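Okay, here's the structure, questions in a sec.
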Amino acid sequence: MNKRTRLKKPKPELLVIGWMEHLDLPDLDVWQLKAKIDTGARTSALHARHIEVFDKDGVEWVRFQTQISDDTPLHWAECPTYDRRAIKNTSGIPSRRIVIRTTLKLTDRSWPISVSLADRSNMTFPMIIGRTALKKHNIAVHTRRANLTSS
């Protein structure tokens, strides 16, 4: 079978989302997290404090504290580290960050994404979803509407 005759996986139906959405990160036990959809950012970022790297059975893991909103309790999460990258902040200054892989769940769709961990306590949103997380998922962002996936 050559490249031309190989069957392509069908694209999912177009999903139109707002510039802000509530989403789940089930691998981290994080639910209804308010996130800004930021196609100007390449990488997604999650608010994280007290970031600790540790060894678990010979694999590097990270433990961190996050907060879904100002009126929810602090939440500890753990997962394997995926990478360390120089990622530019909103001012364009690069800093070395830990990157994890986790599942993003939006409506009835879920897929794995890369997320950098950063202290976003001075930002409006605890998470931003960058364009790489949306790529290849047939998603369009409505720039004037929010919460289009909420029921």
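Quantities reported herein were computed from a predicted structural model and do not represent experimental measurements.
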From CD1 (Ile98) to CD (Glu60), nearest 0.5 Å: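 If I round to the nearest 0.5 Å, the distance is 6.5 Å.
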Separation of Arg131 CZ from Asp38 CG (nearest 0.5 Å):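 One finds 9.0 Å between CG of Asp38 and CZ of Arg131.
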Rounded distance [0.5 Å steps], CG in Leu104 versus CG in Leu134: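 Those atoms lie 8.0 Å apart.
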Shortest non-hydrogen separation from Thr72 to Ile68 and the atoms involved: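 Looks like OG1-N, 3.5 Å.
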Check: Lys105 side chain, Thr107 main-chain N or O, donor-acceptor pair, under 3.5 Å: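 Yes.
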Cluster overlap Leu148 with Leu106, hydrophobic side-chain contacts below 4.5 Å: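 No, Leu148 does not connect to Leu106 through the hydrophobic network.
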Heavy-atom check, side chain of Ile37 versus side chain of Ile139, under 4.5 Å: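 Side chain of Ile37 against side chain of Ile139, heavy atoms only: no contact under 4.5 Å found.
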ring-ring contact (aromatic ring centres under 6.0 Å, His included) pairs, two or more places apart, involving residues 63-117: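 Applying ring-ring contact (aromatic ring centres under 6.0 Å, His included) to every pair that reaches into residues 63-117, excluding sequence neighbours, yields Trp111-His137.
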Within-4.5 Å side-chain heavy-atom neighbours: Thr66 and Leu33: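 No, too far: nothing below the 4.5 Å cut-off.
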Under 3.5 Å, which donor-acceptor pairs link side chains of residues 121-128 to any protein atom two or more places apart or in another chain?
from, atom 1, to, atom 2, distance (Å)
Ser121, OG, Asp119, OD1, 2.6

Rounded distance [0.5 Å steps], CD in Gln32 versus CD in Glu21: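 One finds 10.0 Å between CD of Gln32 and CD of Glu21.
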Shortest non-hydrogen contact between Trp19 and Ala146, atoms and distance: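 Shortest heavy-atom contact: NE1-CB, 3.7 Å.
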Neighbour count >12 (heavy atoms, 6.0 Å) for atom NZ, Lys36: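 Result for NZ/Lys36: open.
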Verify same cluster id: Ile51, Val99 (apolar side-chain graph, 4.5 Å):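 Ile51 and Val99: separate clusters.
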Shared hydrophobic cluster for Phe54 and Val59 (ILVMFWY, side-chain gaps under 4.5 Å):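 They do share one cluster, since a chain of ILVMFWY contacts under 4.5 Å joins Phe54 to Val59.
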His22 NE2 to Ser69 OG distance, which is reported to the nearest 0.5 Å: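 It comes to 8.0 Å.
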Within 6.0 Å of CZ in Arg109, more than 12 heavy atoms from elsewhere: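 Yes, because the 6.0 Å sphere around CZ of Arg109 holds more than 12 heavy atoms from other groups.
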CZ/Arg101: more than 12 non-hydrogen atoms of other groups inside 6.0 Å: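 Yes.
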Residue pair Thr102, Leu46: steps toward the side chain to side chain contact (heavy atoms under 4.5 Å, CB included) verdict: CA-CA 11 Å; Thr102 192; Leu46 175 65; over 6 Å; no
Over all atoms of both residues, closest heavy-atom pair of Arg84 and Arg96: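 What the structure gives for the nearest pair is O-NH2, 3.4 Å.
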Ile129, Leu15, Ile17 screened by side chain to side chain contact (heavy atoms under 4.5 Å, CB included) with Val141, the one that passes: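 Checked Ile129, Leu15, Ile17 against Val141; only one passes side chain to side chain contact (heavy atoms under 4.5 Å, CB included): Ile17.
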In one Ile/Leu/Val/Met/Phe/Trp/Tyr side-chain cluster, 4.5 Å: Val115, Val53: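 Yes, Val115 connects to Val53 through the hydrophobic network.
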Spacing of Ile100 atom CD1 and Ser114 atom OG [to the nearest 0.5 Å]: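 Reported to 0.5 Å precision, the distance equals 9.0 Å.
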Side chain to side chain contact (heavy atoms under 4.5 Å, CB included) partner of Arg97, chosen from Asn89, Thr43, Asp83: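 Looking at Asn89, Thr43, Asp83, the match for Arg97 under the side chain to side chain contact (heavy atoms under 4.5 Å, CB included) is Asn89.
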Short side-chain to backbone donor-acceptor contact, Asp27 and Thr103, under 3.5 Å: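 The answer is yes, because a donor-acceptor pair under 3.5 Å joins these two groups.
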Worked verdict on Met20 versus Asn147 for side chain to side chain contact (heavy atoms under 4.5 Å, CB included): CA-CA 6 Å; Met20 177 186 74; Asn147 296 311; 3.2 Å; yes
